[in-house]
Protein chains: 2
Amino acid sequence: MRSRLPDAVLPQRVHIIGSGLIGTSLAMALVRAGISVSVADASPTHEALAADLSGAMRGAVGAPEVVVVATPPDVTADVVAGALGTWPRATVTDVASVKRVVLGQLRARGVAGIERYVGGHPMAGREKSGAISARIDLFEGRPWVITTTAETAVGGAALVMGIAGAAGAVVRALSPDDHDNAVAAVSHVPQVAASLVAARLSELSEDAVGLAGQGLRDVTRIAASDPLLWTQILAGNAPAVVGVLRALTDDLTRVVEALEALSENEFDERAGEAGAGEPGEGESRAGEPGAGDAGAGEPGSALAPGARRVLAEAIAAGNTGHARIPGKHGAAPAAYTVVTVLIPDEPGQLGRLFQDVGDAGINLEELNLEHNLGQPFGQLELSVLPGVAGELVETLAARGWRVHD
Amino acid sequence: MRSRLPDAVLPQRVHIIGSGLIGTSLAMALVRAGISVSVADASPTHEALAADLSGAMRGAVGAPEVVVVATPPDVTADVVAGALGTWPRATVTDVASVKRVVLGQLRARGVAGIERYVGGHPMAGREKSGAISARIDLFEGRPWVITTTAETAVGGAALVMGIAGAAGAVVRALSPDDHDNAVAAVSHVPQVAASLVAARLSELSEDAVGLAGQGLRDVTRIAASDPLLWTQILAGNAPAVVGVLRALTDDLTRVVEALEALSENEFDERAGEAGAGEPGEGESRAGEPGAGDAGAGEPGSALAPGARRVLAEAIAAGNTGHARIPGKHGAAPAAYTVVTVLIPDEPGQLGRLFQDVGDAGINLEELNLEHNLGQPFGQLELSVLPGVAGELVETLAARGWRVHD
């Protein structure tokens, strides 16, 4: 459900409670935008550091138009409630990564002024935390979700949009439930999947782990994430994450059942397949050829009717879902052409390559350096718009690169 | 189980059955290595194309020392059996991505000369198939698994190792079972996980999918893979994949149960947490503080004893597994330092950057271009050895780059 959005309005005075990565980065960006910013933190040390880094004032100065609660998520509702009471004319927003539970707590305690609360979730972060890791450009180009309800004052939403825009973020409006369900599917469940897949590697031998390729590296990259942070995030969005994980578990169960069906009488079946060209060789062929529904030219599939179809449908459903992920500029994914270049593993080679790409005036949409095992070079995949791929290949080949499209 | 490996021996004459991507690429590499190579395919057109592309002869010429069966996996055992009979002195190897089932079929039919069969699996591929997609360097730097058993002739293994080495691959020896279990964990299960996570995106609204970030892109990149190919691969390794998926399902069930426990009485619990700083505010606090075992400074966790610990342990187990994935050169993963640079999204900028990196004489271990939504620049993450990170940051900052470590 998309909410109607008012035009953004830039506030004059903003007070930020919480001097961690998000609060301090936001203070930096809003000071740059010419807004009068104050910061406060339960820790005077953190507060002073945030003020020094950002140029914001310490403690609330005057009457803020907007109060941003940038505390840890487990105290967000409490601090929001306090701010609504302390500044009875201010709009109060937060940065918690789950939105339904904050609103639910505010409603449960019957907080006065709830119409001045505008839920917020800037989708930015780093692998490091604290004011010392703050960056003025942390929010640039990132989605900043605003969650409003029927009771939310329109003027407050406009001010929060003004803050998000001043920080360089792209505002998206969602209902609290839609937000929580969305981040469950696009962020929380992928984290769980990556962690569980990576955990399965612990039992492998060194030789077995040595067969890892780029696919595994991609799938498990975020499995290196912080357990304590993710425990908070998952616990805070438990109902929505459970909803998606239950559906995923059902899909997984179907795949496992299909594979179990294919595992039974494995050699019989495979012998049946392999023997299709040599029916006189005498191996037993169980099952009834042609009775299966997975058919389509696969001899032997009659032994596990439908099992292959379940597998194919699971992978195909992944194709469909993957195609929905927006591309580089928030648009639908373009069908980029991938050009692969072999890069000697020595200083300066990438520089020479990108110089050549730049000389040709070709813009790269994506790039991926693939590692080779025990070899002194890498394979660099350059994704470009299809119309310029031919020119890129010619240019690079002419300059001596080993290139493939 | 690591098998003892003989020294590699380069054969003089190799015959390759199957003119697809793998067979043709191998023909190219072996012709380059000075080996007398012949190719054969059920399709005369494919065979002729492979011969033209590689410089190999058509049809078996003379008595090959080694026959490489590079057919689709569902006919591999059949063709291997035929080759063992046709050339009674030749070593016969294959390239099928599963090894236990091929050996099982050969044994089941009591094939004579099975001691001359050496299982093989070059772990190389492309998103395109067929002879026309062949590349002479397809195998360079890639693992090429050799599977042998107690009955395998040592001389045959040496010849297959010679072929793999001539193609530029890195030989790894595993038992057939260990190979199949390894690829289940490092390749097949990650594919299933990526596909199932991506499939969950189909139900989201456009606004919700718009919240996708780099983590989701990484986890689901291989979800774009070919359903028919993966159906064959998964079906061919069903028992090993089921083994890993069952363990993963158990882990997933524990996570879901923990999240379900946290979902019950969600607002009560969260109110309990949020209210910890304001015990006089009067909201009800269910549960018995201190009775839970997830403890450790988390008020409210008593409502779902142990649930948070289950989540934290799941993510931590992912950390442990992820740390086992070998790095760039097949070694244990180095603790690289990541330096992030903002790159204006226009031609030539990457060239200028890598020129500057190269001028500094610093080698990059990994790189990753992160996309920003609706913004005219990207964030490029450069992974370098920790000892040179400071120098890299200084060099780039001095040359005007916006850089963060």
Side-chain angles (χ1 to χ4, degrees), chain A residues 74 77-78 104 141 170 182 186 190 193 195-199 201-202 208-209 212 215-216 218-219 221-224 227 230-231 235 238-239 242 245 251 259 262-263 267 270 273-274 311-312 315-318 321-322 324-325 328 330 347-348 350-351 354-355 358 361 363 371-375, chain B residues 74 77-78 101 104 141 170 182 186 190 193 195-199 201-202 208-209 212 215-216 218-219 221-224 227 230-231 235 238-239 242 251 256 259 262-263 267 273-274 311-312 315-318 321-322 324-325 328 330 347-348 350-351 354-355 358 361 363 371-375:
Chain A
D74 53 357
D78 190 41
V170 179
V186 305
S195 295
L196 297 185
V197 168
L201 304 177
S202 296
V209 174
L216 179 69
D218 286 342
V219 170
R221 185 178 64 84
I222 58 174
W230 273 96
T231 299
V242 162
L245 283 183
D251 294 345
L259 289 168
L262 289 163
S263 297
F267 294 136
R270 301 292 300 186
E273 283 194 21
L311 299 181
I315 305 291
H322 177 262
R324 297 204 62 206
I325 300 175
K328 187 179 183 184
L350 280 171
F354 286 108
Q355 194 71 47
N363 204 7
H371 307 140
N372 284 286
L373 193 69
Q375 288 290 315
Chain B
D74 53 356
D78 189 42
V101 69
V170 180
V186 305
S195 295
L196 296 185
V197 168
L201 304 177
S202 296
V209 174
L216 179 69
D218 286 341
V219 171
R221 186 178 63 85
I222 57 174
W230 274 96
T231 300
V242 161
D251 294 345
V256 169
L259 290 168
L262 289 164
S263 297
F267 294 136
E273 284 193 21
L311 299 181
I315 305 291
H322 177 262
R324 297 204 61 206
I325 301 174
K328 188 177 182 184
L350 280 171
F354 286 107
Q355 194 70 46
N363 203 6
H371 308 139
N372 284 286
L373 193 69
Q375 288 290 314

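Within every chain, numbering begins at 1; the chains are lettered A, B, ... in the order of the sequence lines, protein sequences first and strands thereafter. As the structure is a prediction and not an experimental result, all values here were calculated from the model.
- Considering B/Leu201, B/Val219, B/Val209, B/Val197 in turn, B/Leu201 is the only one that fulfils the side chain to side chain contact (heavy atoms under 4.5 Å, CB included) rule with A/Val186.
- One distance of note links CG of A/Leu216 with CD1 of B/Ile325; it measures 4.0 Å at 0.5 Å rounding.
- Between the CZ atom of A/Arg221 and the CG atom of B/Asp218 there is a distance of 4.0 Å, given to the nearest 0.5 Å.
- Across all non-hydrogen atoms, the minimal contact from B/Ser202 to A/Ala317 is OG-O, 4.3 Å.
- Counting all heavy atoms, side chain and backbone alike, B/Gly318 lies closest to A/Ala198 at O-CB, 3.4 Å.
- Chain B forms the most heavy-atom pairs under 4.5 Å with one residue out of A/Leu311, A/Asp251, A/Ile222, A/Leu259, and that residue is A/Leu259.
- Counting heavy-atom pairs closer than 4.5 Å to chain B, the top residue among A/Ala208, A/Ala182, A/Pro227, A/Ala193 is A/Pro227.
- In this structure, B/Leu262 and A/Ala238 approach most closely via the heavy-atom pair CB-CB, 4.0 Å.
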